2 protein chains.
Amino acid sequence: MGTTQLETVPEPKYWHLKTVLSEALDSEFAVGEILPNERELAARFGVARATLRQALEQLELEGRLQRRRGVGTTVAPPRMGVPVGSAQGAWPGAAGDAWQPADCAPGTPPAGVARMLETHPDEQVHIVRRTRVSQGQPVAAELLYVPMSSVAELTGMDAPSGAARARVVLRELARHGLEGQDRAVELGSARADDAKALDRLPGAPVLVVTTRFLAEGRTAAVSVATYRADTCRLTFGDSGGVEIHHGPQRQA
Amino acid sequence: MGTTQLETVPEPKYWHLKTVLSEALDSEFAVGEILPNERELAARFGVARATLRQALEQLELEGRLQRRRGVGTTVAPPRMGVPVGSAQGAWPGAAGDAWQPADCAPGTPPAGVARMLETHPDEQVHIVRRTRVSQGQPVAAELLYVPMSSVAELTGMDAPSGAARARVVLRELARHGLEGQDRAVELGSARADDAKALDRLPGAPVLVVTTRFLAEGRTAAVSVATYRADTCRLTFGDSGGVEIHHGPQRQA
DNA sequence: TAGTGGTCTAGACCACGCC
DNA sequence: GCGTGGTCTAGACCACTAT
């Protein structure tokens, strides 16, 4: 009868490791502090490096750690709140928005975007690239798809290049009355170009915010913004800009 | 010279694999179809199983695949749009909301939630557990934290248990006037209990939606809802419930 | 150049769902 | 039981950063 209930559910090693590391981060490390390297940590816990990495990956996914090749693993600060829904009823590029136009060129949007814009799949649209910086760090990269018909006043002649052209497109777009906008948030992984803009490796987890701008009864533009999922908490303030700022709500 | 620019940026194998698989999914497989098992796929592509798995993991993260232990890997349907912001100004549990109360018990909230509620860190609150089902599939699990002071009319006497108790708490909560709500969305990983409710393994990626309900000038309740990140696209309709429904907006 | 995290291999065993 | 995906190992080499 000596058998008291033992380990009916053997917890995976990496899961237990994650818990132990998480508690150590809370009690023994300061934000920005650098952890021992992976080989030493693995040896210290008596596991293979791959197993340790599985735990570190999850902690990075949860925004607790930041890993940089050639540098090391550091303790991440709490995620920053990034306002996404605050500028209700404002066009992209309106005064005081958080985005910085980077470029603009014609191109064909992905199939899903073309469907929302109700353009032909291979019809060219303006593609405006913008980036968003918060607290000195790039947090998001955006592609804004504007059908030629939404900025019909733009002829091919008065077209500068780069950021200047982007600003012109945004200015023309804002001449319409904005009737509303729909948003969707989903998980994705960074494409190569996004990853570069966000200072991450390709495939890094991102929150993809798709916004549809409605004007004159149709979709006047579509924005696809990819936010760094490790450092950002997207905030949607429906109650007049009251601030939420706090630590993590969830523990392992 | 003969040296045309070759491979200045050697792409990782798993990244290339992901691209190849992604294209194959688009052209050669139907939704729900089952893929060859991992050992065979790895052999077919001439890589180690771990490398193949790295590609599959990313595709699952992007909602393209669904893997189930003991069963196999299947092609996932497009993510379903899950309305999150539609019921503006409605209390949880209001008529027609998508949630099903499961349980209710007193307990102490995590530190971050206590801070939002402005309760003492070890002060007990009502914790209502609810789940959300969409298209026959569980998509979210929620913990709703309601301070005792928000439902002061509830004495310890008239307290049933389980779902009935949950409904009573929600009903009492709704007696206040709702003044507004703040929301935040961030990436997390499923705790063991959430994973069970969502029919996933612990650590699965989830979208954590934190909602703060404001009434009488203070935070009357806080909801922490974890949505399956692989199957859900959270939609925030600001323009009167116009539907977005479409395929993926992003390609690899 | 030294040290870091990122990629990759070729195995092994385990937990789970189904038959 | 059998086949599946999930976990784990002990190595190797590569890409990047800082010195």
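The sequence lines fix the lettering, A, B, ..., with proteins before strands; numbering per chain opens at 1. For clarity, every value in this text was computed on a predicted model and none was experimentally measured.
Among A:Arg44, A:Arg69, A:Arg53, the one residue that satisfies the salt bridge (Lys or Arg N to Asp or Glu O under 4.0 Å) test with A:Glu38 is A:Arg53. Residue B:Glu60 is tested with B:Arg68, B:Arg200, B:Arg228 for a salt bridge (Lys or Arg N to Asp or Glu O under 4.0 Å); the sole match is B:Arg200.
Applying the side chain to side chain donor-acceptor pair (under 3.5 Å) test to pairs two or more places apart or on separate chains, those with a residue in residues 23-37 of chain B are B:Asp26-B:Arg64.
A donor-acceptor contact under 3.5 angstrom links the side chains of B:Arg132 and B:Tyr227, judged on distance only. For the residue pair B:Ser223/B:Glu142, the side-chain donor-acceptor check at 3.5 Å is satisfied.
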Tabulate below the donor-acceptor pairs under 3.5 Å that side-chain atoms of residues 100-109 of chain B make, not counting sequence neighbours, or state none.
none

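The aromatic rings of B:Phe236 and A:Phe236 sit parallel to each other, their planes meeting at less than 30°, with 60° as the upper class boundary.
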Should A:Ser189 and B:Glu62 be marked as a side-chain hydrogen bond (donor to acceptor under 3.5 Å, both in side chains) after you check the CA-CA gap, both sets of side-chain angles, and the distance that decides it?
CA-CA 7 Å; A:Ser189 51; B:Glu62 294 173 21; 2.2 Å; yes

Evaluation steps, salt bridge (charged side-chain N to carboxylate O under 4.0 Å, His left out), between A:Asp230 and A:Arg67:
CA-CA 11 Å; A:Asp230 56 341; A:Arg67 297 191 289 173; over 6 Å; no

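Separating the CD atom of B:Gln66 from the P atom of D:dT4 is a distance of 18 Å, rounded to the nearest angstrom. Between A:Leu52 atom CG and D:dA10 atom P there is a gap of 14 Å when expressed in whole angstrom units. Atom P of nucleotide D:dG5 and atom CG of B:Asp199 are separated by 16 Å, given to the nearest angstrom.
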Writing each nucleotide of DNA chain C 5' to 3' as (, ), [, ], | or . by Watson-Crick or G-U pairing under 3.5 Å yields ||||||||||||||||||.

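For the segment residues 40-48 of chain A, no residue has any heavy atom less than 4.0 angstrom from an atom of DNA chain C.
Applying the side chain to side chain donor-acceptor pair (under 3.5 Å) test to B:Asp199 and every residue at least two apart in sequence or in another chain returns nothing.
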Per-nt protein contacts along nucleotides 1-7 of chain C (heavy atom under 4.0 Å; B base, S backbone sugar-phosphate only, - none) come out as --BBBBB

